[in-house]
Amino acid sequence: MSNFEKVSPPANGQRITIENGELKIPDNPIIPFIRGDGIGIDIWPATQIVLDAAVEKAYGGKRKIAWMKTYCGDEAVEHYGEGVYLPEDTLNAIREYIIAIKGPLTTPVGGGHRSLNVSLRQILDLYACVRPVRYFKGVPSPAIHPERMDIIIFRENTEDVYSGVEWQQGTEEVKKVIDFINNVMGKNVRLDSGIGIKPISITGSKQLVRKAIKYAIAEGRKSVTFMHKGNIMKYTEGAFKDWGFEVATQEFRDYIITEAELWDETRAEDGVTPITKPGAFAQLRNGKPAGDPGERIIVKDRIADSMFQQIQTRADEYDVVCTPNLNGDFISDAAAAQVGGLGMAPGANIGDYIGLFEATHGTAPKYAGQDKVNPGSLMLSGVMMLNYMEWREAGKMIEDAIEATIAKKTVTYDLHRQMEGATKVSCSGYANEIIKNMQ
């Protein structure tokens, strides 16, 4: 066990372990949590009571999460001292207990971390940002058919322009970089430029694609789409797409068919079609190959700008979307806007084993402490966490209860102002209504 400086594991919990490459979840797992800054003070307590109620109801008291409070952001400074926004205690707790959940965090001004969220992802090698986007019936939406949106975005989390390799315009460092680019590499960059580097690696690309395809197989999803701008950035985003197809065809040949193969005349005559039924590939967990080639997952690619159009006009043609970091940042927010906004959008940062589940929106400090905002994003991130633990019954209970609560038009202010005849409740009141609606 690790030694912690200023946090203590709960005495009534047990560690999650890894055995033979699989997570072993005890009935009373220790789960570190970070409350978060700003509205974290409101949405975390609301989320915690909903998660606890669902686990209690789903398993009749036989299972219970042992919560471990850890610190990050402004709350860490209060607990550890000036300038300590990301304590080693917090990193060590997440490493040791494997699964954790967090509220939104403020990026510190003036140094230390470019972004606490990015720092957590990079330090812990949480290379996959996973964001499901689906519609809950009754949620106001600008889209005509929001119900057609049901995608899982796998966004690369550790490189691309988020790697932090850049030089400010006018500095001696940037002059050296520009001189090298212009005079050694024979390119033509304006002398008054700032420079940023966009690294995209085989390692980062393939491990993300591998995780996305494994997810698609295990969950019986119909397709995996590589979203990229490879027509312009051929050696970064174009390479991401190429490496993605290598993983698909070399490592998952029994489970996939590429879009090009699907529409090839010869293969079409053989009757190869995409999978049409959910759960067709749950058998992967038992190490069994897919039998019928007509049930294979379609692997395809789309140019990034086209993809933004496609999710508005043909959202139901996409399922798992796999993309480099910057594209993933854009597409996840754009997709969420079609189903009610970031307040309904959960997220997770996942590595080989560690899963850090998080609200996808900001800290909204002007609303902090008002018990006002929608806790849906963090609650649904908690659902993702429960599913990751294979406590799916509790996760389904929360999703169904959220949908039932929205159907009854009992909602927080953000949805209330868009819904005729709705009843407005507080953040904590919304949590209590969800618990009442748990079946």
*Asp179 side chain to Lys175 main-chain N or O, any donor-acceptor pair under 3.5 Å?*
no
*For side chain to side chain donor-acceptor pair (under 3.5 Å), just list the numbers for Tyr162 and Asp329, CA-CA rounded to whole Å, side-chain angles, deciding distance to a tenth of an Å, and then say yes or no.*
CA-CA 10 Å; Tyr162 291 74; Asp329 199 356; 2.3 Å; yes
*Electrostatic pair Lys206:Glu246 at N-O distance under 4.0 angstrom*: yes
_Note, Glu159 side chain near Ile197 side chain (heavy atom, < 4.5 Å)_ = no
*asked:* Looking at Lys176, I'd like to know if its NZ atom is crowded, meaning that more than 12 non-hydrogen atoms belonging to other residues, nucleotides or ligands lie closer than 6.0 Å.
replied: no
*Can you tell me if Ser193 uses its side chain to pair, donor with acceptor, with the backbone of Ile195 under 3.5 Å?*
no
*Short side-chain to backbone donor-acceptor contact, Asp160 and Asn325, under 3.5 Å*: yes
*So, do Asp301 and Thr225 sit near enough that their side-chain heavy atoms are less than 4.5 Å apart?*
no
*To the nearest 0.5 Å, tell me how far Met385 CE sits from Thr47 OG1.*
10.0 Å
*Taking Gln250 for the side chain and Val247 for the main chain, is one N or O donor matched with an acceptor at less than 3.5 Å?*
no
*Mind checking the CD1-CD1 spacing from Ile65 to Ile25? Nearest 0.5 Å is all I need.*
10.0 Å
_Any non-hydrogen side-chain atom of Met389 less than 4.5 Å from a side-chain atom of Pro29?_
yes
*Between Thr412 and Lys372, is any pair of side-chain heavy atoms under 4.5 Å apart?*
no
_SB check Asp333 Arg131 (cutoff 4.0 Å)_ = yes
*Nearest heavy-atom pair of Ala93 and Phe4: which atoms, and what distance?*
N-CE2, 3.6 Å
*Going from CG on Leu120 to CG on Asp125, what distance comes out if it is rounded to the nearest 0.5 angstrom?*
13.0 Å
*Would the number of heavy atoms belonging to other residues, nucleotides or ligands and lying under 6.0 Å from NZ of Lys64 be above 12?*
no
*Between the main-chain N or O of Val189 and the side-chain N or O of Asn182, is there a donor-acceptor pair closer than 3.5 Å?*
yes
*Val321 to Met227 - nearest heavy-atom pair and separation*: CG1-CB, 4.1 Å
_Pair Tyr367 + Tyr413: ring centers closer than 6.0 Å_ = yes
_With a 3.5 Å distance limit and no angle check, can you tell me whether Asn349 reaches the backbone of Cys129 through a side-chain donor-acceptor pair?_
no
_Pair His79 + Tyr71: ring centers closer than 6.0 Å_ = yes
_Smallest separation among heavy atoms of Phe154 and Leu208, with atom names_ = O-CD2, 3.7 Å
*Would you indicate whether the side-chain heavy atoms of Arg221 and Tyr215 approach each other to under 4.5 Å?*
yes
*Is the closest basic N to carboxylate O distance between Arg302 and Glu259 below 4.0 Å?*
yes
*asked:* With side chain to side chain contact (heavy atoms under 4.5 Å, CB included) as the criterion, how do Ile30 and Trp67 come out once you've worked through the C-alpha distance, each side chain's angles and the decisive distance to 0.1 Å?
replied: CA-CA 6 Å; Ile30 296 172; Trp67 297 107; over 6 Å; no
_Taking the ring centre of each residue, are Phe226 and Phe245 less than 6.0 Å apart?_
yes
*Could you check Ile101 against Gln48 for side chain to side chain contact (heavy atoms under 4.5 Å, CB included), going step by step and ending with a plain yes or no?*
CA-CA 10 Å; Ile101 188 168; Gln48 185 175 2; over 6 Å; no
*Compute whether any side-chain donor of one residue and acceptor of the other, for Tyr318 and Asp150, lie under 3.5 angstrom apart.*
no
*Quick one: do Lys102 and Glu358 satisfy salt bridge (charged side-chain N to carboxylate O under 4.0 Å, His left out)? Show the steps, please.*
CA-CA 5 Å; Lys102 60 176 279 295; Glu358 65 175 358; 3.0 Å; yes
_Taking every non-hydrogen atom, the tightest pair across Ala337 and Pro142_ = O-CD, 3.4 Å
*Between Gln122 (side chain) and Thr158 (backbone), is there a donor-acceptor pair under 3.5 Å?*
yes
_We want to know whether Ser201 and Thr203 form a side-chain donor-acceptor pair, criterion being a heavy-atom distance below 3.5 angstrom._
no
_Contact check, side chains of Ile200 and Ser205, non-hydrogen atoms, under 4.5 Å_ = yes
*Please list, chain by chain and in numerical order, all residues satisfying side-chain hydrogen bond (donor to acceptor under 3.5 Å, both in side chains) with Lys211, sequence neighbours excluded.*
none
_Within 6.0 angstrom of Lys396 NZ, more than 12 heavy atoms from elsewhere_ = no
*Taking the side chain as C-beta and beyond, is there a heavy-atom pair between Ile297 and Ile213 under 4.5 Å?*
no
*asked:* With a 3.5 Å distance limit and no angle check, can you tell me whether Thr90 reaches the backbone of Cys72 through a side-chain donor-acceptor pair?
replied: no
*If you take all heavy atoms of Asn157 and Arg121, which pair is closest and at what distance?*
OD1-CD, 3.1 Å
*So, does Ser377 use its side chain to make a donor-acceptor pair with the main chain of Ala345 at under 3.5 Å?*
yes
_Side chains of Val339 and Val139 in contact at under 4.5 Å (non-hydrogen atoms)_ = no
*Step by step, would you call Glu156 with Arg210 a salt bridge (charged side-chain N to carboxylate O under 4.0 Å, His left out)?*
CA-CA 12 Å; Glu156 201 289 320; Arg210 191 174 293 117; over 6 Å; no
*Take Ile18 and Lys24, measure what side chain to side chain contact (heavy atoms under 4.5 Å, CB included) needs, and give me the verdict at the end.*
CA-CA 6 Å; Ile18 302 168; Lys24 294 295 181 182; over 6 Å; no
_Go through it in stages, so that I can follow the logic: the residues are Asp27 and Arg63, the test is salt bridge (charged side-chain N to carboxylate O under 4.0 Å, His left out), and I'd like the CA-CA distance, side-chain angles, deciding distance and then a yes or no._
CA-CA 5 Å; Asp27 287 338; Arg63 290 176 173 174; 3.4 Å; yes
*To the nearest 0.5 Å, tell me how far Glu75 CD sits from Asp37 CG.*
8.0 Å
*Under 3.5 Å, side chain of Ser332 to main-chain N/O of Gly328, donor-acceptor pair present?*
yes
*For salt bridge (charged side-chain N to carboxylate O under 4.0 Å, His left out), just list the numbers for Glu399 and Arg134, CA-CA rounded to whole Å, side-chain angles, deciding distance to a tenth of an Å, and then say yes or no.*
CA-CA 11 Å; Glu399 282 191 313; Arg134 56 154 289 200; 3.5 Å; yes
_For Arg190, all residues meeting salt bridge (charged side-chain N to carboxylate O under 4.0 Å, His left out), sequence neighbours excluded_ = none
*Give, for atom CG of Leu386 and atom CH2 of Trp391, the distance between the pair rounded to the nearest 0.5 Å.*
7.5 Å
*Locate the shortest heavy-atom distance separating Ala359 from Ile43; write the atom from each residue and the value.*
CB-CD1, 4.5 Å
_Gln338 side, atom CD; Ile151 side, atom CD1 - distance, nearest 0.5 Å_ = 8.0 Å
*Has Phe308 got more than 12 heavy atoms of other residues, nucleotides or ligands less than 6.0 Å from its CZ?*
yes
*Does any donor atom in the side chain of Asn327 or Glu237 lie under 3.5 Å from an acceptor atom in the other side chain?*
yes
_Taking Glu390 first and then Arg392, would you say they form a salt bridge - that is, a charged N and a carboxylate O separated by under 4.0 Å?_
yes
